[in-house]
Amino acid sequence: MDTHDSSFPLIISVDDHTVEPATVWQDRLPEKYRDVGPRIVRAPVKEMTFLGGRFKPVMGQPGDDGPVGDWWVYEDLRRPLTRLDTAVGYDRDEIRLEVITYEQMRPGSYDVPARLADMDVNHVQSALCFPTFPRFCGQTFTEAKDHELGLLGVRAYNDWMLEEWCGPDAHGRLIPLPLIPLWDAELAAAEVRRNAARGARAVAFSEIPPYLGLPSIHTDGWDPFLAACAETGTVVAMHIGSSSRMPSTSADAPPAVGSTITYANCCFSMVDWLMSGKFEQFPGLKVMYAEGQIGWIPYILERADVVWEENRGWGGVADKVHRPPSELFAEHVYGCFFDDAFGLRNLDSIGVGNVLYETDYPHSDSTWPKSREVGEAQMGHLAPEVVERIVRGNAIELLGLTDEGLWPGGGVR
């Protein structure tokens, strides 16, 4: 554990990432599915672009010319490991969109002891990790042709997440974030309850489900899933990009455009939730926006309140949203940030109890290994008790951690 002399609290990061080891599904799927289930193949890249918010890689054949990397192969999908999946430890100017192998990434990306060591370096006590190959809410399995296999894939990932990634070797420091089968709300509810019974208190979900061809939250299509989350105290965790469509402006816009406005989907999503009536229908429901930052929240709350007050009669919400959206936000929504000095200067307009801290390890935006220094610089004007709540206290309460900030189901020794 970190031994730095610092009054800055040990961090509980609510948005880090795991790069799944190559054997996660091969070790857990029934034998008849292993040839079509997710597996790693080493092959060159034939073509790869990332424009207009769309990532398009094309795998070459083993032995062809071109940079070689490790590719996830699953049904017709060919998805490479890239430097953007695991960029920590590399100079920012050296980070490119390129394929890599497991040997070319930092071991903490996929190995539990190495991850804990990197957390120590970064003043991080505990971390909630989003997936890589399944994508941020399991879209990979949702888009698959065989949903029987997809359900097995979701369950295999969740078993690995709870039993190994967050298992005894993690000493309670890694916090589980299961997936759901997004194509069936009843199956999703069952998976929420299965993992809640094992101690999971969060689940990954899409910020804008219609972008995935799924029902919006303005329908009743998600009600079984939302009821299960409310009943079990499971937080609905939505990461930027969990709609498989990053914000952009045109098909030829460079990635820098989308990277600047990554918060936009969170913004749209939060308005959806505030105007959906779901927080009143399910009073125990909590949602969080990973990597969405927080500086944009005050204006959206102000505008939503004005619209609700002045326009709810014709705006389609008078019969289901009976309180100002800002009040619903205060009770149900959490914004997550890793580098947002502007948001911290406007904390009173957001709410101390509605903000969570993150480090985004091992992505290119990560503040590793200086998350403590970044936090100290940006939170220096805040009272110590406020810093404590933002950096760890709110997460402990929201995710059902022990008073020491550890996941109680993790076989803590």
Side-chain angles (χ1 to χ4, degrees), residues 1-16 119-128 172-173 175 201-202 233 235 237 263 266-267 270 274 286-302 304-305 324-361 365-408:
M1 192 70 69
D2 186 288
T3 57
H4 291 297
D5 289 330
S6 172
S7 59
F8 195 75
L10 281 169
I11 297 165
I12 295 178
S13 174
V14 296
D15 170 34
D16 286 358
M119 290 163 63
D120 288 344
V121 169
N122 201 32
H123 200 69
V124 173
Q125 179 180 27
S126 303
L128 181 81
R173 296 178 62 188
I175 306 163
R201 288 295 176 268
V235 182
Y263 73 91
C266 297
C267 174
M270 191 178 83
L274 293 176
K286 308 278 188 182
V287 306
M288 57 172 270
Y289 287 101
E291 210 173 320
Q293 313 299 344
I294 59 175
W296 52 273
I297 291 175
Y299 171 71
I300 291 299
L301 294 179
E302 177 183 275
D305 278 358
S326 61
E327 289 186 12
L328 298 173
F329 171 89
E331 293 178 10
H332 299 275
V333 184
Y334 294 78
C336 312
F337 78 101
F338 57 81
D339 186 4
D340 191 343
F342 179 83
L344 289 167
R345 291 196 299 270
N346 293 275
L347 194 59
D348 287 346
S349 298
I350 302 168
V352 171
N354 298 86
V355 174
L356 306 168
Y357 200 43
E358 57 187 41
T359 77
D360 196 29
Y361 178 105
D365 266 341
S366 178
T367 50
W368 186 92
K370 297 183 177 180
S371 299
R372 174 175 64 101
E373 290 85 347
V374 171
E376 287 175 330
Q378 295 190 351
M379 300 184 210
H381 65 291
L382 300 174
E385 61 271 19
V386 173
V387 176
E388 175 80 18
R389 287 191 68 184
I390 292 171
V391 173
R392 59 184 290 111
N394 290 336
I396 288 172
E397 180 179 332
L398 181 65
L399 298 173
L401 306 181
T402 67
D403 291 341
E404 293 76 28
L406 302 173
W407 178 49

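Quick caveat, the model's predicted, so the values are computed rather than measured. For the single chain, residues carry numbers from 1 onward in sequence order.
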Chemist: Before accepting this row, confirm whether a basic side-chain N of the pair D120/R173 lies closer than 4.0 Å to the acidic partner's carboxylate O.
Modeler: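 Salt bridge: yes.
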
Chemist: Under a plain distance cut-off of 3.5 Å, with no hydrogens placed, do Q378 and D340 share a side-chain donor-acceptor pair?
Modeler: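 No, no side-chain donor-acceptor pair sits under 3.5 Å.
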
Chemist: When the aromatic ring centroids of Y357 and F338 are compared, is their separation below 6.0 Å?
Modeler: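 Between F338 and Y357, which both carry aromatic rings, the centre distance is not below 6.0 Å.
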
Chemist: With a 3.5 Å distance limit and no angle check, can you tell me whether E358 reaches the backbone of E291 through a side-chain donor-acceptor pair?
Modeler: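 Yes.
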
Chemist: Hey, is R389 close enough to E385 for a salt bridge, meaning N to O under 4.0 Å?
Modeler: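 No salt bridge links R389 with E385.
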
Chemist: Can you tell me which residue among I297, I390, L356 is in a side chain to side chain contact (heavy atoms under 4.5 Å, CB included) with F337?
Modeler: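 Looking at I297, I390, L356, the match for F337 under the side chain to side chain contact (heavy atoms under 4.5 Å, CB included) is I390.
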
Chemist: Going by the angle between their ring planes, with limits at 30° and 60°, are Y289 and W296 parallel, tilted or perpendicular?
Modeler: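 If you compare the ring of Y289 with that of W296, the planes turn out perpendicular.
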
Chemist: Answer yes or no: is there a donor N or O on one side and an acceptor on the other, between the side chain of K286 and the main chain of L399, under 3.5 Å?
Modeler: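 No, because the side chain of K286 does not come within donor-acceptor range (under 3.5 Å) of the backbone of L399.
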
Chemist: Are R392 and L10 close enough that some pair of their side-chain heavy atoms sits under 4.5 Å apart?
Modeler: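 In contact.
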
Chemist: Could you walk me through whether D360 and T367 pass the side chain to side chain donor-acceptor pair (under 3.5 Å) check?
Modeler: CA-CA 7 Å; D360 196 29; T367 50; over 6 Å; no

Chemist: Please give me the minimum heavy-atom distance between T402 and I396, naming the atom from each residue.
Modeler: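 Result for this residue pair: O-CG2, 3.5 Å.
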
Chemist: So, does N354 use its side chain to make a donor-acceptor pair with the main chain of F329 at under 3.5 Å?
Modeler: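 Checking the backbone N and O of F329 against the side chain of N354, a donor-acceptor pair under 3.5 Å is found.
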
Chemist: Any donor-acceptor pair under 3.5 Å linking the side-chain atoms of S349 with those of N346?
Modeler: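 Judged by distance alone, the side chains do not pair up.
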
